**Q** 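So that we are looking at the same thing, I have put the structure below in structure tokens.
Note that the coordinates shown come from a computational prediction; the quantities given were computed from them, not determined experimentally.
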Amino acid sequence: MSHDDEWQRLSPRRQAVLDAVRDADAPLGVADVADRLAVHPNTVRFHLDALVAEGRVERMVEQPSGPGRPRTVHVGRRGMDRGGARRYRLLARVLLGQLASTGSGAKAAATDAGQAWGRYLVEQLPPPRRPSAREAVGRLNAMLADLGFDPQPVGDVAAPDVRLRHCPFLELAEEYGEVVCPLHLGLMQGALAELRAPVEATRLEPFAEPDACLAHLTATGAA
């Protein structure tokens with residue numbers, strides 16, 4: 001099963017703790033759950049802490065009913081179950097298929113989307129300083145590395161091409177390269193434009209090598 005087909009799958013013990021809280025007619029304390037499951041309270045406490053952090057269980061303090069500290073209890077969080085399968089790759093295929101079906105404008109739309117996100121994702125410089133070509137390429141490569149492209153500069157020191165040794169959307173790029181690859185190029189173009197860099201991304205060669213794509217950068221001569 002792929003990572004797209006599941007989201008935070010619970011261990012059997014944690015699922016049992018969650019079920020006990022959800023099935024209860026009233027909020028439960030740690031000891032209540034431990035008694036129901038015949039396990040140590042520390043084990044229950046560990047799993048309840050995790051379930052609270054994941055947003056599956058809500059922790060609250062009971063209203064005082066007499067002397068002593070009020071109890072901390074737990075209830076299942078209302079709303080759609082956040083466990084179970086996810087189909088994000090299918091969603092991506094639906095959207096990419098629709099975009100690709102629009103015809104000649106699909107490539108430009110994908111490039112535009114990439115440029116917008118590239119501007120957003122790149123680490124910017126404080127104004128008003130502009131980066132050198134080397135610094136701009138360094139920031140571009142840092143963004144690409146964060147996204148999972150495993151970039152490697154090659155060639156010219158001032159404006160090197162970039163070998164992309166991993167594609168985080170490989171299967172989608174193989175199926176919908178006509179829109180996914182322009183989006184990747186747009187990411188680089190948007191990032192460099194946002195930096196006001198003296199270098200631009202002019203072309204992306206998908207699968208230029210058996211194990212890599214190649215992005216071509218060109219110095220613009222801008223000061």
Side-chain angles (χ1 to χ4, degrees), residues 1-101 110 113-114 116-123 142-151 164-176 179-180 183-184 187:
M1 183 177 293
S2 73
H3 292 301
D4 284 343
D5 294 335
E6 58 181 339
W7 182 83
Q8 294 186 348
R9 182 175 294 278
L10 299 180
S11 67
R13 176 59 53 82
R14 189 164 300 173
Q15 185 65 57
V17 171
L18 178 59
D19 290 342
V21 173
R22 283 178 172 169
D23 294 342
D25 295 329
L28 300 181
V30 171
D32 300 325
V33 180
D35 289 343
R36 293 182 180 218
L37 300 180
V39 297
H40 196 279
N42 285 345
T43 300
V44 171
R45 186 174 290 107
F46 169 78
H47 289 296
L48 282 174
D49 286 346
L51 291 167
V52 169
E54 293 167 2
R56 301 175 194 260
V57 166
E58 189 172 354
R59 178 177 287 146
M60 62 185 69
V61 177
E62 280 187 328
Q63 291 295 325
S65 58
R69 264 176 97 177
R71 286 199 318 156
T72 298
V73 292
H74 303 80
V75 296
R77 186 177 290 276
R78 294 176 63 87
M80 189 172 288
D81 184 3
R82 291 188 174 274
R86 293 292 190 271
R87 295 290 186 269
Y88 292 126
R89 185 179 295 173
L90 175 59
L91 173 62
R93 292 182 66 196
V94 170
L95 296 176
L96 287 170
Q98 179 62 32
L99 178 58
S101 71
W117 277 93
R119 289 179 178 275
Y120 170 73
L121 292 171
V122 71
E123 182 183 359
M143 182 193 77
L144 293 172
D146 286 343
L147 294 174
F149 285 98
D150 191 18
L164 305 175
R165 297 174 292 183
H166 179 263
C167 179
F169 316 113
L170 179 59
E171 291 79 13
L172 295 172
E174 289 173 335
E175 187 171 0
Y176 295 104
V179 289
V180 174
L183 188 147
H184 292 168
L187 282 171

**Q** How many angstroms lie between atom CG of Leu172 and atom CG of Leu183, to the nearest 0.5 angstrom?
**A** 11.0 Å

**Q** So, do Tyr176 and Val179 sit near enough that their side-chain heavy atoms are less than 4.5 Å apart?
**A**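 Yes, side chains in contact.
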
**Q** Please lay out, stage by stage, how Val75 and Arg59 fare under the test side-chain contact (heavy atoms from CB on, under 4.5 Å).
**A** CA-CA 7 Å; Val75 296; Arg59 178 177 287 146; over 6 Å; no

**Q** Going through the checks in order, is the side-chain contact (heavy atoms from CB on, under 4.5 Å) test met by Val73 and Val30?
**A** CA-CA 7 Å; Val73 292; Val30 171; over 6 Å; no

**Q** How close do Leu99 and Ala110 get, counting heavy atoms only, and between which atoms?
**A** CD2-CB, 4.3 Å

**Q** Can you tell me how far CZ of Arg69 sits from CD of Glu62, rounded to the nearest 0.5 angstrom?
**A**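 Going from the CD atom of Glu62 to the CZ atom of Arg69 covers 13.5 Å.
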
**Q** Counting only heavy atoms not in Arg93 (residues, nucleotides, ligands), do more than 12 fall under 6.0 Å from its CZ?
**A**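 Not more than 12 within 6.0 Å, no.
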
**Q** Does a side-chain heavy-atom distance below 4.5 Å link Cys167 with His184?
**A**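 SC-SC contact between Cys167 and His184 confirmed.
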
**Q** Please find the pair of heavy atoms, one from Pro27 and one from Asp32, that lie closest to each other, and give the distance.
**A**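 Scanning both residues completely, I find the closest heavy atoms to be O-OD2, 4.5 Å.
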
**Q** Do the side chains of Arg36 and Leu28 get nearer than 4.5 Å, heavy atoms only?
**A** yes

**Q** Please name the residue in the list Val57, Leu18, Leu51 that meets the side chain to side chain contact (heavy atoms under 4.5 Å, CB included) test with His74.
**A**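 Exactly one pass, corresponding to Val57.
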
**Q** Is any side-chain heavy atom of Arg45 closer than 4.5 Å to a side-chain heavy atom of Asp49?
**A** yes

**Q** Do the charged groups of Asp19 and Arg14 touch, with an N to O distance under 4.0 Å?
**A** no

**Q** Using a 4.5 Å cut-off on heavy atoms from C-beta on, say whether the side chain of Leu187 contacts that of Leu147.
**A** yes

**Q** Looking only at non-hydrogen atoms, find the nearest pair between Met143 and Val122 and report the distance.
**A**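 For Met143 and Val122, the tightest heavy-atom pair comes out as SD-N, 3.8 Å.
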
**Q** May I ask you to test the Asp150-Leu164 pair for a side-chain heavy-atom distance under 4.5 Å?
**A**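 Asp150 vs Leu164: side chains apart.
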
**Q** Looking at Phe149, is its backbone amide N or carbonyl O close enough to the side chain of His166 to form a donor-acceptor pair, meaning the two atoms are under 3.5 Å apart?
**A** no

**Q** I'd like to know whether Arg56 forms a side-chain contact (heavy atoms from CB on, under 4.5 Å) with Arg77, so could you lay out the CA-CA distance, the side-chain angles of the two residues, the decisive distance to 0.1 Å, and finally the verdict.
**A** CA-CA 5 Å; Arg56 301 175 194 260; Arg77 186 177 290 276; 5.9 Å; no

**Q** Is there a side-chain contact (heavy atoms from CB on, under 4.5 Å) between Val33 and Val44? Walk through the geometry before answering.
**A** CA-CA 7 Å; Val33 180; Val44 171; 3.6 Å; yes

**Q** Minimum heavy-atom separation for Ala34 to His40, with atom names?
**A** CB-C, 4.3 Å

**Q** If you define the side chain from C-beta out and look only at heavy atoms, does anything of Leu48 sit under 4.5 Å from Val21?
**A** yes

